[in-house]
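Just below is one structure, and these are the notes that go with it.
These values consider heavy atoms only, across backbone and side chains, with no hydrogens, waters or symmetry-generated copies. Everything numeric here is computed off the predicted structure, so don't read it as measured data. Counting begins at 1 with the first residue of the sequence.
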Amino acid sequence: MGVLTKVRKKFPYVLLAGVIMASPGAVGTALADSGRFYLGITGTPEWLDTSYKKTVDNTSPLNMTSQSGKVNRDRDSADATGYGFGLLAGYRWPLLDQGRLFLDSEFDIAFHGESTRGRLKGIGESEGRNQMGESWPDDWSFAKNFSYGLTFKLGTSPQFLQTMIGDSSVYALAGVRRVATRFRVRFHGCPMPEWCQTDEFISGASTRNEYFTAWTSGAGLEKMFGSRLGLRGEVRYTEYLAEDRDFHNLDDGVFVPVRVDNDEINLSLTLAWYF
């Protein structure tokens with residue numbers, strides 16, 4: 001999709017291998033000190049990339065429109081910049097080398113304020129491309145409302161980092177999220193199999209609220225201030241599992257399956273308090 005490349009997808013996994021290799025004493029003793037709970041607040045700018053694909057299938061034997069037997073495929077994509085903020089709670093397990101290698105498990109909930117918007121060009125033979133059986137030139141939008149997820153973080157505190165900026169650590173992360181979204185299409189077209197005249201067209205909007213499952217991966221840096229307060233910066237890539245729906249299921253043998261794909265990049269700044 002668009003601006004998000006395969007290189008970005010692979011980066012966190014390369015870093016994860018580097019984290020393990022960079023950890024001194026990674027084959028040393030087993031569990032070190034007891035773990036610590038933490039709570040945090042986070043804010044982030046987000047870059048969302050959405051692709052909307054629509055197929056108008058007129059191959060049903062029941063189809064009586066001028067497009068009978070034809071399949072019209074249309075697609076559009078759009079980017080948006082937005083924001084998010086949320087709360088999180090987690091637990092840190094110190095692992096090898098007196099806790100210099102650690103594993104976090106973290107649950108968070110976030111609220112979002114961005115939406116992508118676009119317009120299908122439309123495919124058909126009429127002047128407006130909005131007769132029955134054609135792909136109408138719809139306006140569409142995709143909005144994120146809120147999300148929640150579980151994330152695991154594997155990190156270390158290499159000596160060179162301690163020398164440069166003091167008590168700090170780097171980590172790789174991976175997790176799964178559920179994202180509440182709203183997808184809306186505004187249309188203007190002909191509702192009858194015969195060609196409509198000017199006064200016979202209809203306009204309206206169809207809205208569907210959906211939960212998407214998404215996988216996230218990334219990397220982060222944490223700087224400690226004292227023994228309890230940590231300041232984190234993270235970069236994450238999130239890929240949504242595509243959703244296939246019959247957004248419209250029209251009469252007269254016209255079927256309109258749609259597909260929505262999303263991925264995003266976000267940068268976050270988090271304050272975490274350890275107990």
**OP:** Please answer: with hydrophobic residues joined when any side-chain heavy atoms are less than 4.5 Å apart, are Leu241 and Val260 in the same cluster?
**Re:** no

Original post:
Do Asn145 and Thr181 pass the side-chain contact (heavy atoms from CB on, under 4.5 Å) test, and can you show the C-alpha distance, the side-chain angles, and the key distance before you say yes or no?
Top reply: CA-CA 6 Å; Asn145 296 324; Thr181 69; 5.7 Å; no

Subject >> Pair Glu134-Arg129, salt bridge (charged side-chain N to carboxylate O under 4.0 Å, His left out): steps then yes or no >> reply: CA-CA 6 Å; Glu134 298 179 330; Arg129 302 180 303 281; over 6 Å; no

Original post:
Of the non-hydrogen atoms in Ile202 and Pro191, which two are nearest, and what is the gap between them?
Top reply: CD1-CB, 3.8 Å

**OP:** Compare all side-chain heavy atoms of Gln67 with those of Glu125 and state whether any distance is below 4.5 angstrom.
**Re:** yes

Original post:
Once you round to the nearest 0.5 Å, how far does CZ of Arg117 lie from OG of Ser141?
Top reply: 5.0 Å

**OP:** Using only heavy-atom distances, determine whether the side chains of Thr42 and Thr270 contain a donor-acceptor pair under 3.5 Å.
**Re:** yes

Original post:
Would you find more than 12 non-hydrogen atoms of other residues, nucleotides or ligands less than 6.0 Å from Ile41 atom CD1?
Top reply: no

**OP:** Kindly indicate whether the side chain of Val170, heavy atoms from C-beta on, has any atom under 4.5 Å from the side chain of Thr156.
**Re:** yes

Subject >> Heavy-atom neighbours of Phe37 CZ exceed 12 at 6.0 Å >> reply: no

Original post:
Side chains of Arg182 and Thr207: is there a donor and an acceptor less than 3.5 Å apart?
Top reply: no

**OP:** Measure the OG-CZ distance between Ser227 and Arg36 for me, rounded to the nearest 0.5 Å.
**Re:** 6.0 Å

Original post:
Do the rings of Phe212 and Tyr240 sit parallel, tilted or perpendicular, given the 30° and 60° boundaries?
Top reply: perpendicular

Subject >> Hydrophobic cluster identity match, Leu101 and Leu103, side-chain contacts under 4.5 Å >> reply: yes

**OP:** For Ser168 and Leu161, work out which heavy atoms get closest and say how close.
**Re:** OG-CG, 3.2 Å

Subject >> Parallel, tilted or perpendicular: ring planes of Tyr83 versus Phe85, cut at 30 and 60 degrees >> reply: parallel

Original post:
Between Glu239 and Arg177, is the closest basic N to carboxylate O distance under 4.0 Å?
Top reply: no

**OP:** Establish, from distance only, whether the side-chain atoms of Thr238 and Trp215 form a donor-acceptor pair under 3.5 Å.
**Re:** no

Subject >> Side-chain donor-acceptor contact under 3.5 Å, Tyr171 with Glu234 >> reply: yes

Original post:
Once you round to the nearest 0.5 Å, how far does CG of Leu271 lie from CG of Leu39?
Top reply: 12.5 Å

Original post:
Under 6.0 Å from the CZ atom of Phe225, do we count more than 12 heavy atoms belonging to anything else shown?
Top reply: yes

Subject >> Set of side chain to side chain contact (heavy atoms under 4.5 Å, CB included) partners for Thr44, sequence neighbours left out >> reply: Glu46, Asn266, Ser268

Subject >> Taking every non-hydrogen atom, the tightest pair across Cys196 and Gln131 >> reply: N-OE1, 2.9 Å

Original post:
When rounded to the nearest 0.5 angstrom, what distance separates CZ in Phe201 from CZ in Phe187?
Top reply: 13.0 Å

Subject >> Nearest atoms (heavy-atom pairs only) where Ser60 meets Gly253 >> reply: CB-O, 3.6 Å

Original post:
Hey, does Leu95 have a side-chain heavy atom less than 4.5 Å from the side chain of Leu154?
Top reply: yes

**OP:** Please work out whether the ring planes of Phe142 and Phe183 are parallel, tilted or perpendicular, with thresholds of 30° and 60°.
**Re:** tilted

Subject >> Intermediate values then yes/no, side-chain contact (heavy atoms from CB on, under 4.5 Å), Arg75 and Ser51 >> reply: CA-CA 7 Å; Arg75 66 171 297 171; Ser51 175; 3.0 Å; yes

Original post:
Any idea which heavy atoms bring Thr116 and Ala80 closest together, and the distance?
Top reply: CG2-CB, 3.5 Å

Subject >> Side-chain heavy-atom pair Arg236, Ser217 within 4.5 angstrom cut-off >> reply: no

Original post:
Can you tell me if Asn58 uses its side chain to pair, donor with acceptor, with the backbone of Lys70 under 3.5 Å?
Top reply: yes

Original post:
Looking just at side-chain N and O atoms, do Asn262 and Thr50 make a donor-acceptor pair shorter than 3.5 Å?
Top reply: yes

Original post:
Any sub-3.5 Å donor-acceptor pair from Asp108's side-chain atoms to Leu87's backbone N or O?
Top reply: no

Subject >> Between Asp79 and Trp47, a side-chain donor and acceptor under 3.5 Å >> reply: no

Original post:
Salt-bridged, Arg92 to Glu222, with N to O below 4.0 Å?
Top reply: yes

Original post:
Hey, what else clusters with Met224 if you join Ile, Leu, Val, Met, Phe, Trp, Tyr whenever side-chain heavy atoms sit under 4.5 Å?
Top reply: Tyr38, Leu88, Tyr274

**OP:** Identify, with sequence neighbours excluded, every residue that meets side chain to side chain contact (heavy atoms under 4.5 Å, CB included) alongside Val71.
**Re:** Thr55, Asp57, Thr59, Arg73

Original post:
What about Tyr211 and Phe107, same hydrophobic cluster or not, with Ile/Leu/Val/Met/Phe/Trp/Tyr joined at side-chain heavy-atom distances under 4.5 Å?
Top reply: yes

Subject >> Residues Arg232, Glu106: salt bridge by 4.0 Å N-O rule >> reply: yes

**OP:** Give a yes or no on whether the backbone of Gly189 and the side-chain of Asn130 come within a donor-acceptor separation of less than 3.5 Å.
**Re:** no

Subject >> Basic-acidic side-chain contact under 4.0 Å: Glu264, Lys144 >> reply: yes

**OP:** Taking the side chain as every heavy atom from C-beta outward, state whether Lys153 and Thr151 have any pair of such atoms under 4.5 Å apart.
**Re:** yes

Original post:
Do the side chains of Phe152 and Asp104 get nearer than 4.5 Å, heavy atoms only?
Top reply: no

Subject >> Interatomic distance, Trp140 atom CH2 to Ser206 atom OG [nearest 0.5 angstrom] >> reply: 15.5 Å

Subject >> Worked verdict on Trp195 versus Ser66 for side-chain hydrogen bond (donor to acceptor under 3.5 Å, both in side chains) >> reply: CA-CA 8 Å; Trp195 278 43; Ser66 64; 3.2 Å; yes

Subject >> Main-chain N/O of Arg119 paired to Asp76 side chain as donor or acceptor, under 3.5 Å >> reply: yes

Original post:
Does a donor on one side chain and an acceptor on the other come within less than 3.5 Å for Asp263 and Tyr237?
Top reply: yes

**OP:** Report the distance from atom CD of Gln162 to atom CG of Asp167, rounding to the nearest 0.5 Å.
**Re:** 5.5 Å

Original post:
More than 12 non-hydrogen atoms from neighbouring residues, nucleotides or ligands closer than 6.0 Å to CZ on Arg186, yes or no?
Top reply: no

Original post:
Charged N to carboxylate O below 4.0 Å: is that the case for Lys54 and Asp74?
Top reply: no

Subject >> Atom of Ala78, atom of Asp49 and distance for their closest heavy-atom approach >> reply: O-OD1, 3.5 Å

**OP:** Please lay out, stage by stage, how Arg178 and Ser147 fare under the test side-chain hydrogen bond (donor to acceptor under 3.5 Å, both in side chains).
**Re:** CA-CA 6 Å; Arg178 290 286 284 172; Ser147 65; over 6 Å; no

